[in-house]
Protein chains: 2
Amino acid sequence: MLSQVAQDRSPVHFRMHQFLARENEKPEAMLHLQEGWACRYRLLPDGRRQITGLYLPGDYCDPQWALGGLPSQPIVAITNVRALQLPCRASHAGLDGHNGFGQALSDVIERQANWLVTLGRKTAMERVAHLLVELFERMRKAGLAYGQQCAMPLTQIEIADMTGLTPVHVNRTLQSMRAKGLVELQSKWLRIPELQALREVGALTPQEAAA
Amino acid sequence: MLSQVAQDRSPVHFRMHQFLARENEKPEAMLHLQEGWACRYRLLPDGRRQITGLYLPGDYCDPQWALGGLPSQPIVAITNVRALQLPCRASHAGLDGHNGFGQALSDVIERQANWLVTLGRKTAMERVAHLLVELFERMRKAGLAYGQQCAMPLTQIEIADMTGLTPVHVNRTLQSMRAKGLVELQSKWLRIPELQALREVGALTPQEAAA
DNA sequence: CGTCGAGTTGACAGCCTTCAAGCAAAGTGG
DNA sequence: CCACTTTGCTTGAAGGCTGTCAACTCGACG
């Protein structure tokens with residue numbers, strides 16, 4: 001099993017804002033996150049930034065490295081990160097969806113497609129709702145949700161870079177959501193009183209945010 | 001080789017607007033497009049549509065089917081399509097980037113990430129420029145560009161659903177690009193007088209639109 | 001010759017951005 | 001332990017990019 005491979009390796013640590021991978025640099029190993037959050041992003045010449053992927057505890061970083069090629073986007077730690085290393089080529093024998101890597105690859109493609117819909121066609125409130133629902137459900141799958149709440153280390157600037165909005169508008173949108181009782185969000189903790197209500201606000205189809 | 005596998009199969013045909021795949025229905029076979037265009041998309045309950053992937057001649061449809069799971073989004077023919085069928089599981093022995101499927105999977109992830117940046121952070125003109133550059137470069141790689149031109153069967157409505165804009169604004173944006181001499185686009189043919197100029201208008205980083 | 005889809009144009013509204021200022025909490029150095 | 005700075009969050013006012021609504025043209029098609 002992959003987990004056994006992983007457990008043969010000693011854990012590595014990254015501080016907040018440290019790079020897990022850089023553009024066009026061959027990664028030393030695939031990482032299996034044990035603790036902490038990270039993100040993949042691209043920076044435009046004029047400073048605009050778009051986050052293109054989030055890595056939460058339990059996620060592989062990055063499954064596509066098993067396919068060969070070099071990372072085209074940097075990956076940076078959002079919080080301090082602890083991870084296990086595993087060789088990028090450990091998985092060649094079976095990427096068929098019946099093991100972790102195939103599923104992880106599917107999830108990446110699925111989530112990216114969902115975000116294309118959100119960034120292309122949804123309003124600010126729908127975008128933020130999508131993000132919060134996805135975060136909560138992924139944390140819950142990782143066993144890191146406690147009732148209706150989970151940790152949420154993202155700053156409003158990072159939420160903006162994820163949702164394609166400005167930090168100012170993210171702030172106004174969150175306040176509006178708080179006023180409606182849709183979310184409680186303070187000191188890095190997220191609480192969602194009614195998940196189904198927030199899913200509807202986010203215009204999430206049944207298959208979305210399930211991945 | 002994959003191509004030999006493919007050539008063992010007889011070609012299948014789809015008419016314009018016919019489905020190559022439907023949501024949650026197991027596809028009969030992976031398709032290797034020989035002629036015609038198709039797209040993957042999602043429809044929101046209120047009618048908003050976002051195209052999440054384009055399939056051009058030479059593309060596999062869809063590489064991720066080799067990973068297992070069911071398609072979460074429908075795929076529909078934009079023009080009439082001719083394609084070769086190959087079994088979804090033909091590739092299990094090697095998805096390592098040294099054959100067509102691994103590369104195809106990488107390309108899908110890479111292109112989706114590029115579009116996340118465009119939909120999240122770019123202006124209308126940058127979005128349309130990105131699309132036209134990508135289409136031209138993919139057609140050229142497929143051997144279907146002739147000098148500075150290639151076929152471009154998309155309607156302005158389809159361009160809008162790809163770029164996250166309204167058809168009206170796509171129209172205005174295209175006119176503005178024509179007025180600046182950036183593109184010539186008429187009767188389903190695209191000509192790009194200066195590709196590099198259009199790349200810059202699209203705020204494309206070196207690695208973008210290369211996939 | 002009527003219909004339909006695609007493209008085009010104008011007027012107006014609105015969501016979101018930009019710019020700016022102020023506040024609180026956390027980190028830093030003396 | 002207390003300035004001082006930094007980071008993150010908040011709020012207001014004004015403007016712009018894009019959306020909405022509507023009407024018109026044109027060519028393809030039957």
Side-chain angles (χ1 to χ4, degrees), chain A residues 15-17 37 44 46-51 76-80 118-132 151-179 183-190 201 203, chain B residues 15-17 37 44 46-50 76-80 118-132 151-179 183-190 201-203:
Chain A
R15 318 286 290 261
M16 186 170 26
H17 298 157
W37 293 26
L44 297 183
D46 61 359
R48 285 175 288 180
R49 186 173 87 135
Q50 178 65 43
I51 293 176
V76 71
I78 292 175
T79 66
N80 291 340
T118 290
L119 293 178
R121 289 302 185 193
K122 293 190 186 173
T123 65
M125 177 141 327
E126 291 168 332
R127 294 181 195 204
V128 175
H130 175 177
L131 177 62
L132 297 181
M152 219 302 285
L154 299 181
T155 67
Q156 292 185 0
I157 292 179
E158 287 159 339
I159 295 175
D161 286 341
M162 183 93 209
T163 54
L165 302 166
T166 58
V168 172
H169 202 62
V170 166
N171 184 290
R172 287 193 236 270
T173 304
L174 283 174
Q175 312 240 7
S176 170
M177 294 174 75
R178 281 191 270 249
V183 300
E184 293 167 32
L185 183 53
Q186 50 190 317
S187 59
K188 306 301 180 193
W189 276 85
L190 167 67
V201 169
Chain B
R15 317 285 290 261
M16 186 169 28
H17 298 157
W37 293 26
L44 297 183
D46 62 359
R48 286 176 287 180
R49 186 173 87 136
Q50 178 65 42
V76 70
I78 292 174
T79 65
N80 292 340
T118 290
L119 294 178
R121 289 302 186 193
K122 293 190 187 173
T123 64
M125 176 139 331
E126 291 168 331
R127 295 181 194 205
V128 175
H130 175 176
L131 176 61
L132 297 181
M152 220 302 285
L154 299 182
T155 66
Q156 292 184 359
I157 293 179
E158 287 159 341
I159 295 175
D161 286 339
M162 182 92 209
T163 55
L165 302 167
T166 58
V168 172
H169 203 62
V170 165
N171 184 292
R172 288 194 237 269
T173 304
L174 283 173
Q175 312 240 6
S176 169
M177 294 174 76
R178 280 192 271 250
V183 301
E184 293 167 32
L185 184 52
Q186 50 189 317
S187 57
K188 305 302 179 191
W189 276 85
L190 167 67
V201 168

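The structure presented is a predicted model; accordingly, all values stated were derived computationally and were not measured.
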Report the distance from atom NZ of Lys122(B) to atom C1' of dC16(C), rounded to the nearest whole Å. 20 Å
Interatomic distance, Met177(B) CE vs dT8(C) P [rounded to whole Å]: 14 Å
Tell me whether Arg127(B) contacts the main-chain N or O of Thr163(B) through its side chain, where contact means a donor paired with an acceptor under 3.5 Å. yes
Between dG10(C), dA6(C), dT10(D), which nucleotide gets closest to the side-chain atoms of Val168(B)? dG10(C)
Under 3.5 Å: donor-acceptor pair, side chain of Arg48(A), backbone of Arg121(B): yes
Rounding to a whole Å, what distance do you find between Glu126(A):CD and dC15(C):C1'? 12 Å
Would you kindly give the CD-to-P distance between Gln186(B) and dT8(C), to the nearest whole Å? 10 Å
Closest of dT8(C), dT10(D), dC16(C) to the His169(A) side chain is dC16(C)
To the nearest Å, give me how far apart CG (Leu174(B)) and P (dA6(C)) are. 15 Å
Nucleotide of dG7(C), dA11(C), dT10(D) approaching Arg172(B) most closely (side-chain heavy atoms): dA11(C)
For the pair made of CD in Gln175(B) and C1' in dG10(C), what is the distance, rounded to whole Å? 13 Å
Any side-chain N or O of Arg178(A) less than 4.0 Å from the OP1 or OP2 oxygen of dT10(D)? yes
Exactly one of Leu119(B), Asn171(B), Val128(B), Ile159(B) clears side chain to side chain contact (heavy atoms under 4.5 Å, CB included) with Leu165(B), and that residue is Val128(B)
The residue, Leu154(A) or Thr173(B), whose nearest nucleotide of DNA chain D is more 5′ is Leu154(A)
Considering only dG8(D), dG7(C), dT10(D), which nucleotide approaches the side chain of Ile157(A) most closely? dG8(D)
Roughly, in whole Å, what's the span from CZ in Arg127(B) to P in dC17(D)? 14 Å
I'd like to know if the side chain of Ser176(A) reaches the main chain of Arg172(A), judged simply by a donor and an acceptor atom lying under 3.5 Å from each other, with no hydrogens or angles considered. no
Expressed as a whole number of angstroms, how long is the span from Asp46(B):CG to dG19(D):C1'? 14 Å
Would you say Glu184(B)'s side chain and Arg178(B)'s backbone share a donor-acceptor pair under 3.5 angstrom? no
Between Asn171(B) and dT8(C), does any side-chain N or O lie under 4.0 Å from OP1 or OP2? yes
Identify which nucleotide among dC9(D), dT18(D), dT17(C) has an atom closest to any side-chain atom of Thr166(A), counting heavy atoms from C-beta outward. dT17(C)
Give Arg48(A) one of three labels, base, sugar-phosphate or nothing, depending on what nucleic acid heavy atoms sit under 4.0 Å from its own. nothing
From dT18(D), dT10(D), dG8(D), nucleotide with atom closest to Gln156(A) side chain: dT10(D)
